[in-house]
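Read through the structure below, which is laid out as structure tokens, and then see the notes.
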Amino acid sequence: KTRYKIAVDKGRQMKGLMDETNTLNYGEVFVQYTDLNEGYKKIVLEGDLFVTKNPCLHPGDLKQVRAVDVPALRHLYDVVVFPAKGERPIPNELSGSDLDGDEYFVCWEEKLRPSRPCDAADYYIERIEPSTGATNEPPPVITE
């Protein structure tokens, strides 16, 4: 097993949060990071980027999203804010992740962006309660 360290100036490791303002749409994220080379200046990202979680085992564990500026979220920095809207939570599309402290790699380096997107793997596993035969339900879908 060989590992390579690649210095990425246009990328950060960040914790994930959910958009409690319900402003972000599916496929959008809010990212504001601290630029240590610019005197701790806060920079809001806008445009295409990708996000993943370690381990990234499936091509669909790397998600292309659009960073947007949401003034109501500018008090948050050095985190990636995911939308509450959508048929399936974006973090779940990334190695079946959730927002209980998982860290995500956020990258806006053009040279590292995938040439084509891949569908996310289905990490949802239906569990059947042996004594009752009841199944667990998938998380509710927020459409508004």
Side-chain angles (χ1 to χ4, degrees), residues 1-130 135-144:
K1 194 176 203 180
T2 304
R3 294 180 184 222
Y4 296 97
K5 289 189 178 189
I6 302 173
V8 178
D9 189 42
K10 296 180 180 177
R12 299 287 187 278
Q13 193 80 9
M14 299 178 168
K15 299 273 188 194
L17 299 175
M18 183 188 72
D19 173 20
E20 294 184 0
T21 68
N22 208 30
T23 304
L24 295 170
N25 292 312
Y26 179 80
E28 297 177 334
V29 294
F30 175 79
V31 176
Q32 179 176 216
Y33 71 95
T34 305
D35 190 336
L36 303 178
N37 297 323
E38 295 291 327
Y40 296 93
K41 179 180 175 183
K42 305 289 187 277
I43 298 175
V44 175
L45 289 178
E46 292 184 88
D48 293 332
L49 54 86
F50 67 87
V51 61
T52 189
K53 180 185 168 291
N54 194 11
C56 180
L57 304 173
H58 181 274
D61 290 345
L62 192 122
K63 181 78 174 173
Q64 296 184 55
V65 293
R66 176 165 289 280
V68 296
D69 185 8
V70 178
L73 297 174
R74 286 189 188 159
H75 64 284
L76 301 170
Y77 56 91
D78 298 327
V79 295
V80 54
V81 183
F82 293 103
K85 299 175 185 174
E87 189 171 316
R88 180 177 173 193
I90 290 176
N92 183 260
E93 295 180 27
L94 308 172
S95 302
S97 183
D98 52 34
L99 298 175
D100 66 351
D102 293 354
E103 290 191 1
Y104 302 89
F105 176 63
V106 178
C107 185
W108 54 100
E109 173 58 66
E110 294 275 338
K111 295 175 185 173
L112 295 178
R113 186 174 305 146
S115 58
R116 61 183 172 85
C118 294
D119 290 336
D122 185 7
Y123 289 101
Y124 177 75
I125 300 171
E126 185 175 58
R127 292 182 178 83
I128 300 174
E129 179 61 40
T135 62
N136 62 334
E137 294 293 321
V141 175
I142 299 172
T143 57
E144 295 181 10

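- Applying the salt bridge (charged side-chain N to carboxylate O under 4.0 Å, His left out) test to Glu103 and every residue at least two apart in sequence or in another chain returns Lys15.
- The salt bridge (charged side-chain N to carboxylate O under 4.0 Å, His left out) check on Glu110 picks up Arg113, with sequence neighbours excluded.
- Listed by first and then second residue, the ring pair (Phe, Tyr, Trp, His ring centres under 6.0 Å) pairs that reach into residues 62-106 are Phe82-Tyr104, sequence neighbours excluded.
- Asp100 has its side chain within reach of Asp102: a pair of non-hydrogen atoms, C-beta onward, lies under 4.5 Å apart.
- With sequence neighbours left out, Asp48 forms a salt bridge (charged side-chain N to carboxylate O under 4.0 Å, His left out) with Arg66.
- Evaluation of the ring pair (Phe, Tyr, Trp, His ring centres under 6.0 Å) test over residues 24-56, restricted to residues two or more places apart or in two chains, returns Tyr33-Trp108.
- At least one donor-acceptor pair closer than 3.5 Å links the side chain of Gln32 to the backbone N or O of Leu76.
- Inter-residue side-chain proximity for Thr23 and Leu73 is flagged as unmet; no heavy-atom pair is nearer than 4.5 Å.
- The heavy-atom pair separating Lys53 from Leu94 by the smallest distance is CD-O, 3.9 Å.
- Lys10 is linked by a salt bridge (charged side-chain N to carboxylate O under 4.0 Å, His left out) to nothing, counting only residues two or more places apart in sequence or in another chain.
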TODO: Carefully, step by step, assess Val29 and Val106 under the rule side chain to side chain contact (heavy atoms under 4.5 Å, CB included).
DONE: CA-CA 10 Å; Val29 294; Val106 178; over 6 Å; no

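- Judged purely by atom type and a 3.5 angstrom limit, Asp78 uses its side chain to pair as donor or acceptor with the backbone of Thr34.
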